[in-house]
Visitor: 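Here it is: the structure, laid out below.
Keep in mind the model is a prediction, meaning the values are calculated, not measured.
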Amino acid sequence: MPDAAALRHLVLQAPAPVIARMLGYTDQQTSRIATAAGSPWNRYPPGDDRSP
């Protein structure tokens with residue numbers, strides 16, 4: 001698992017739910033980190049996992 005600084009950097013680069021799934025975090029964990037980091041993705045709409 002990445003350290004806190006690396007995780008903050010990641011959530012600035014991609015939506016928090018994407019990072020969560022890649023690293024085994026919950027969406028809530030990465031969303032909190034993204035909000036704290038000032039992520040431009042914090043208003044990114046969640047996708048539909050059932051889409052092909």
Visitor: Report the residues that fulfil side chain to side chain donor-acceptor pair (under 3.5 Å) with Gln28, sequence neighbours left out, ordered by chain and then residue number.
Guide: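 Counting only residues at least two positions away or on another chain, Gln28 forms no side chain to side chain donor-acceptor pair (under 3.5 Å).
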Visitor: Can you sort out the partners of Ala6 under side-chain contact (heavy atoms from CB on, under 4.5 Å), two or more places apart, ordered by chain and number?
Guide: Pro2, Asp3
Visitor: Quick check: closest heavy atoms across Gln29 and Thr26, and the distance to 0.1 Å?
Guide: OE1-N, 2.8 Å
Visitor: For Ala34 and Ala16, which heavy atoms make the closest approach, and how far apart are they?
Guide: CB-CB, 4.2 Å
Visitor: Considering non-hydrogen atoms only, spot the tightest contact between Ala14 and Ile19 and give its length.
Guide: CB-CD1, 3.9 Å
Visitor: In a check of side chain to side chain contact (heavy atoms under 4.5 Å, CB included) between Leu23 and each of Val18, Thr30, Leu10, which one passes?
Guide: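 When Val18, Thr30, Leu10 are each tested with Leu23, the side chain to side chain contact (heavy atoms under 4.5 Å, CB included) holds only for Leu10.
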Visitor: Would you mind listing every salt bridge (Lys or Arg N to Asp or Glu O under 4.0 Å) that reaches into residues 23-33, with sequence neighbours excluded?
Guide: Arg21-Asp27
